[in-house]
Chemist: 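I'd like to ask you about the structure that follows.
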Amino acid sequence: MKKLCPTADVPTGGCRRIELPDRPPLAVFNLDGRFYVTDDTCTHGDASLCDGEIDCDDGVVECPYHQGAFEIASGRPAGAPCSIPLRVYRVEVKDAAVFAAVDETEAVPCP
Ligand code: FES
């Protein structure tokens with residue numbers, strides 16, 4: 001598990017973009033106190049999902065470019081034109097920090 005950021009850096013209903021060496025950026029989401037980590041780049045184009053709108057009630061992030069959407073927990077596309085799932089990562093919260101299994105080769109399957 002890789003430490004990404006303190007939980008306090010991601011407000012409720014917010015997102016923080018994390019840059020790690022030698023890999024695409026990650027997005028840490030806080031949905032009402034539950035943390036999720038996905039790739040930050042939309043699968044439809046070169047947009048940062050952390051710049052999008054987050055709907056905590058539906059658990060969805062809307063892409064800022066073409067308003068496609070994804071379920072944050074599963075990465076499943078939730079609105080056109082997005083059709084390719086977003087990669088999601090196993091998450092642990094400990095010592096007031098968010099950790100993610102960013103080195104796992106297998107993607108977490110959609111629940
Ligand atoms: S780049 Fe995200 S919906 Fe087009």
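Side chains are part of it too, since the values below use all heavy atoms of this structure and drop only hydrogens, waters and symmetry mates. As the structure lists them, so they are numbered: ligands from 1, and atoms in each ligand from 1.
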Chemist: If you leave out waters, which protein N, O or S atoms are less than 2.8 Å from atom 4 (Fe) of ligand 1?
Modeler: His44 ND1, His66 ND1
Chemist: Knowing that exactly one of Val10, Asp9, Thr7 qualifies, which makes a side-chain contact (heavy atoms from CB on, under 4.5 Å) with Val28?
Modeler: Val10
Chemist: Counting C-beta onward and ignoring hydrogens, is there a side-chain heavy-atom pair between Asp55 and Glu53 closer than 4.5 Å?
Modeler: no
Chemist: Please say whether the positively charged group of Lys94, taken as NZ for Lys or CZ for Arg, lies over the ring of Phe99, i.e. under 6.0 angstrom from the six-membered ring centre and within 45 degrees of the axis.
Modeler: yes
Chemist: Answer yes if Leu20 and Leu86 sit in the same cluster of Ile, Leu, Val, Met, Phe, Trp and Tyr residues linked by side chain heavy atoms under 4.5 Å apart, and no otherwise.
Modeler: no
Chemist: Please set out all donor-acceptor pairs under 3.5 angstrom arising from side-chain atoms of residues 58-66, sequence neighbours excluded.
Modeler:
| from | atom 1 | to | atom 2 | distance (Å) |
| --- | --- | --- | --- | --- |
| Tyr65 | OH | Asp46 | O | 3.3 |
| His66 | ND1 | His44 | ND1 | 3.1 |

Chemist: Only one of Asp39, Asp40, Asp103 clears salt bridge (charged side-chain N to carboxylate O under 4.0 Å, His left out) with Arg23; which?
Modeler: Asp39
